[in-house]
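As structure tokens, the structure follows; a few thoughts come after it.
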There are 2 protein chains.
Amino acid sequence: MKKIFDVLMAHNLPKAEAFINEINGKKPLFICTIATTETAKIAGLSAAGKHPEFTDYTPPADAELLLLGKCKCITGVPVTPDGIPTPALISMSSLKLADTPVLIVNAGSKVNPHIPFLDLGGKPGGDIRTGNAVGNVDEVIKRATIAGEHLAKTADYLVIGESIPGGTTTALGVLSVMGVKAEGKVSSSMPENPHGLKNEIVKTGLLAANESFGSLAKNPIRAISCLGDPMMPALAGLVMGSAAQVPVVMAGGTQMAAVLALVNALNPEVLCNVAIGTTRWVVEDKSSDLKGIISQIADVPVLAADIDFGPSKFNGLKAYEKGIVKEGVGAGGAAVAAMATTGGAITKDMLLREIEKNYGLLMESRT
Amino acid sequence: MKKIFDVLMAHNLPKAEAFINEINGKKPLFICTIATTETAKIAGLSAAGKHPEFTDYTPPADAELLLLGKCKCITGVPVTPDGIPTPALISMSSLKLADTPVLIVNAGSKVNPHIPFLDLGGKPGGDIRTGNAVGNVDEVIKRATIAGEHLAKTADYLVIGESIPGGTTTALGVLSVMGVKAEGKVSSSMPENPHGLKNEIVKTGLLAANESFGSLAKNPIRAISCLGDPMMPALAGLVMGSAAQVPVVMAGGTQMAAVLALVNALNPEVLCNVAIGTTRWVVEDKSSDLKGIISQIADVPVLAADIDFGPSKFNGLKAYEKGIVKEGVGAGGAAVAAMATTGGAITKDMLLREIEKNYGLLMESRT
């Protein structure tokens, strides 16, 4: 796979190269869109383990970590049940190294983070098994589009990530009802991807909404309302408002494919200015297929930060090499941006050292 | 008074000249900080007239006008009882002409605007006659400072205005308890400035808080808590976070003097990067004395947009020349920024034509 700086051109090579050349040396704004859902609390679905209510705290805690370098609404940092740290650690370290400004967008989080955040009038999401997952979709898209139009004027380009537990299941829901084959292809933060459970949940949701595979291909608003999550209208609106003016990195894995499907259905012209930015762990993942999903939707490039935690001295980081966590909180996109913004001066090694430093500090502060 | 472009160097000439030269041709971000209080509902105090509850709708409506070009939470636009339009019309026209991005900061508005806004965890303010006017001051200052640090990285300079009814009375309260002589010097949106009533209200508040003139000169947090309003901690924090990095225009009249006193008490070093931007109507006003207040606090320059509504064909705009409204919603600072950002290409005449165009459109849409 061709590399420019420590960034892999993972899909659609000519466009990927053109995109990274366009953002080379430019200054981004990083946006993290947070939300929570009842879907995330379904047993066995996400890495939240025995305490499903913890999923309500992960997004605001991630947001606090990005802005403050520590969490306020929880002690320590978000971890998997095995103690593997949140990917926000990668994002935060990348943003710090490149001195990148951060804006948190609250798209519908049950718990408000103790930091400044942009409110778009969204509410926490329901359980997609009811077929009635998200309210106020149209209004949130409108507000997010306006925000995107203004934010595009504040930076050379935007990097937009998310923190929403259970987000690959809602992604599968929206992709399916919009006619994109994503069964067995969405990613997971767990080493064993529970594809069967995700398929069951989506099937139940489709039935409850009286919809079927592809039935809402032309109705993205209803697709989100029935089977999506609150991050989607916010992120889609931000992309539509901003990508008409500046390049936009959609920072995430297979969840971004669902947002891509929405943007493609609502305003496909802006996609010429859009790339997906993710991690090597996502593009190399055998249990999911990001490229297989997005190639059904639109001809956008995929850039993947070639991060490698193999040489790390911390077991919590080494675990990423076993397929745990993989992506989230815009980690891959933030790392790509840090590398591109500095014309390659920030390398994967430098990034690992910064991540280890911050991880060490956070572990110390817990004891 | 010396003019550069159509901007009057209204106070502290050498610094005013240096400041406008520094922002000449540079690109700003415009921030409007909104909040409401019970103080504003005191009869006879603000231009709200017979319907004090209308003051709860003015700030969100102003914010909507800035971002959407029309209001959503009310029909038409905010007007005085005589039908004189909100100064947000001046801000909106200036921002449109100069293609300036806008961010609304909700510092504590009882009614949420139907647009994206930055939440700082603030709540609507009480009545300063109770001596207990604003909660959570310390936390809002902290969050606003963090926001300011990040926003400073998104623009060459910031212009920060406010929309809060009754704001000159809370300004008088905070200035007094901090030992700044402001009786008879604060501005008013009405042609007859009710100085006697403002003095009475502040006297009652001081008594209730068990404080006196100058007793909180070294305790700005308590000064806001007792006698201020929710705009103040938000705006002071935004200035402190951003002015360490980029020039900041505090866009407003005598209300900004109170914020200046707070910043001066909390972090005076940043003031070398700060100017007050206002309108000719404020600096020429015989019923108030902006320069007399700020010269007691700090050596910052005052820039005043030389806007002239005398030649307007609309009576609603001509009224500004009789001392009605004068300033608000960052009107003066937005006009200064539009002129400076374009190196003087935007003139007072061009601005008046744009304001008249937008006023005409808004009047049409009401009928």
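Chain identifiers are assigned alphabetically (A, B, ...) following the order of the sequence lines, protein sequences preceding nucleic acid strands; residue numbering begins at 1 within each chain. Bear in mind the structure is a predicted one, so any value in this text is a computation, not a measurement.
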Seminar exercise, completed: Separation between OG1 (Thr154(B)) and NE2 (His150(A)), nearest 0.5 Å, reads 13.0 Å
Problem set entry | Which of Leu29(A), Leu120(A), Leu67(A), Asn106(A) touches chain B most, by non-hydrogen pairs under 4.5 Å | Leu67(A)
Problem set entry | Selection from Ile115(A), Ile146(A), Val140(A) maximising heavy-atom pairs under 4.5 Å formed with chain B | Ile115(A)
For this session: Calculate, to the nearest 0.5 Å, the distance between atoms CZ and CZ belonging to Arg143(A) and Phe117(B) respectively.
Result: 7.5 Å
Problem set entry | Within 6.0 angstrom of Tyr57(B) OH, more than 12 heavy atoms from elsewhere | no
Exercise. Relative to chain A, which segment of Glu149(B) carries a heavy atom at a distance below 4.5 Å: side chain, backbone, both, or neither?
Worked result: neither
For this session: Mind checking the NZ-NE2 spacing from Lys142(B) to His114(A)? Nearest 0.5 Å is all I need.
Result: 12.5 Å
Problem set entry | Heavy-atom proximity to chain B below 4.5 Å, by part of Asn112(A) | neither
Exercise. For atom NZ of Lys153(B), is the number of surrounding heavy atoms from other residues, nucleotides or ligands below 6.0 Å larger than 12?
Worked result: yes
For this session: Would you mind checking which part of Leu151(B) comes under 4.5 Å of any heavy atom in chain A, side chain (CB onward), backbone (N, CA, C, O), both or neither?
Result: neither
Exercise. Is the closest side-chain heavy-atom distance between Leu118(A) and Leu103(B) below 4.5 Å?
Worked result: yes
For this session: Determine the option with the most heavy-atom pairs under 4.5 angstrom with chain A, choosing from Ile104(B), Leu68(B), Val102(B).
Result: Val102(B)
